[in-house]
Amino acid sequence: MSKLKVAVYWAAGCGGCDVGLLDVNEALLEVLKDIDIVFWPVAMDVKYKDLESLPNLDVAIVNGSIRNEENEHIVKLLRSKARTLVAFGSCACEGGTQGLANLGSKQDMLKTVYEETPTTGNPQAVKPSRVFKAPEGELYLPDILELNKPIESVAKVDYYVSGCPPPVKLILRLFQILTAGNAQGPKFYIGSDKSVCDECRRERVSKTVQSMNRLYRRALDPEKCFLEQGLLCMGPATRGGCGAKCVEANVPCGGCGGRLNVSDQGARMIGALGSILTTDEPISIGALEALKDPVGALYKYCFSSSLIGRGVRVGGGGR
Amino acid sequence: MSEFEPNIVCFACNWCTYAGADMAGTSKFQYPPNLKIVRVMCTGRVNPEFVLEALKKGADGVFIGGCHPPSDCHYVNGNLKARNRVQILKLLLTQLGVEPERLRLEWISASEGEEFSRKVREFVEELKRLGPNPLKESSTELSELE
């Protein structure tokens with residue numbers, strides 16, 4: 001069998017997913033027997049014109065979300081060349097943490113970043129411009145889009161591997177599936193079909209909780225369910241497959257595994273919280289301290305792909 | 001221009017509010033026609049997704065009606081779970097910029113037909129003051145792709 005030709009692209013993300021790929025360590029050597037990486041900006045010196053001149057690809061793996069015109073252009077280009085497109089990591093699957101900027105408009109975001117953060121000294125309020133006149137000629141920057149979007153919003157995705165970054169076990173399973181060449185059904189998620197709670201070894205006793213506190217308020221019990229300790233853990237609403245590693249390291253689940261058979265991860269979590277919070281009295285706002293920033297708490301990785309997915313002053317958004 | 005008529009999605013529990021709405025009908029208590037009633041077995045069945053989906057698709061308000069707390073619920077405590085969820089949903093809606101008053105939870109028993117019509121009239125008045133759902137404008141960009 002000839003080697004699979006694979007392109008890896010880094011859209012709007014932190015680069016952690018590229019490191020995640022390297023995290024498979026020696027197993028990568030096994031993987032590389034079957035695949036040939038022809039485009040990987042973070043690891044090889046390639047220009048976009050090289051990508052444009054490439055003949056067809058077998059697989060394109062995209063990490064990061066669609067935040068600017070360049071991301072959109074390259075993902076569409078990869079889609080047109082590749083037989084299989086893989087959304088790799090939370091940003092590609094659900095939009096990632098940068099999706100939280102969808103609460104405000106693009107102008108709000110640029111103002112915050114270039115004028116308002118305490119560490120920014122920019123008295124003239126200089127913002128990035130699309131065109132820069134250099135002595136050698138005009139240079140162009142890709143424009144930032146109004147909304148951050150998951151890649152499925154611009155191209156059809158064949159496989160989804162969520163996680164921030166995806167766990168090694170799932171990366172290896174992805175390569176197994178790719179090299180075996182078994183076509184799976186549409187929207188195939190690589191991961192568990194059960195929630196993180198299913199893999200969590202913590203003890204659940206009462207399945208009730210009086211209040212939701214912020215993490216720093218409590219000494220963390222390493223044996224007991226975080227929700228029962230009154231701490232927000234996204235486990236019930238999050239796709240498993242990660243082995244509940246964060247929880248094992250005594251950190252509540254943040255929800256990077258993405259939604260599980262529902263259209264809105266945060267809504268699912270609200271449903272779960274409604275069941276376990278005490279029902280004797282109406283819950284006071286004070287008891288919901290961990291939900292002071294509900295979007296940040298319940299939609300940390302998936303706001304771009306949630307049902308509403310934007311603040312009301314912003315056009316577009318959601319699914 | 002004609003007056004703004006809000007579009008309301010109502011989730012009514014089978015045992016109390018739906019029967020209450022029925023009672024309003026048989027007792028000839030009038031209420032505005034802005035309401036589309038969806039019968040659910042219990043307010044505890046109202047998944048928060050239903051509320052978000054209704055608002056996303058352009059409902060100006062969502063009205064959830066259930067059995068009186070603490071102990072009228074046919075399923076022990078579904079109404080109380082709904083109360084928790086509505087409270088968290090209101091926090092979420094506020095942060096999104098949607099007025100939390102667009103989501104209303106009321107307890108109406110099977111005998112309270114008049115109460116039902118009064119609560120609906122109140123809600124319609126309130127929504128007329130608030131105006132159209134701000135999510136309604138241009139929410140098509142991504143949904144067109146589906």
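Labels below follow one simple rule: chain letters A, B, ... track the order of the sequence lines, proteins then strands, and each chain is numbered from 1.
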Nearest heavy-atom neighbours spanning [X] and [Y]:
X      : Y      : result
B:K56  : A:I308 : CB-CG1, 4.3 Å
B:R83  : A:E281 : NH2-C, 3.3 Å
A:V312 : B:G97  : CG2-O, 3.4 Å
B:L52  : A:A267 : CD1-CB, 3.9 Å
A:G274 : B:R85  : CA-CG, 3.7 Å

Tell me, yes or no, whether the heavy-atom count around [X] atom [atom1], taken from other residues, nucleotides or ligands under 6.0 Å, exceeds 12.
X      : atom1 : result
B:K36  : NZ    : yes
B:R45  : CZ    : no
B:Y18  : OH    : no
B:E114 : CD    : no
B:K57  : NZ    : no
B:Q30  : CD    : no

Any A:R268 side-chain heavy atom under 4.5 Å of B:P48 side chain: no
Within-4.5 Å side-chain heavy-atom neighbours: A:L273 and B:N84: no
Which atoms of [X] come close to chain B, meaning under 4.5 Å heavy atom to heavy atom: side chain ones, backbone ones, both, or neither?
X      : value
A:L103 : side chain
A:Q265 : neither
A:D280 : backbone

Inter-residue atom distance A:S306.OG - B:L92.CG, 0.5 Å rounding: 8.5 Å
A:R310 side-chain N/O to B:L135 backbone N/O, donor-acceptor pair under 3.5 Å: yes
Donor-acceptor contact present, side-chain B:E49 to main-chain A:V262, <3.5 Å: no
Side chain to side chain contact (heavy atoms under 4.5 Å, CB included) evaluation trace for A:I285 with B:Q87: CA-CA 8 Å; A:I285 297 295; B:Q87 188 139 17; 4.1 Å; yes
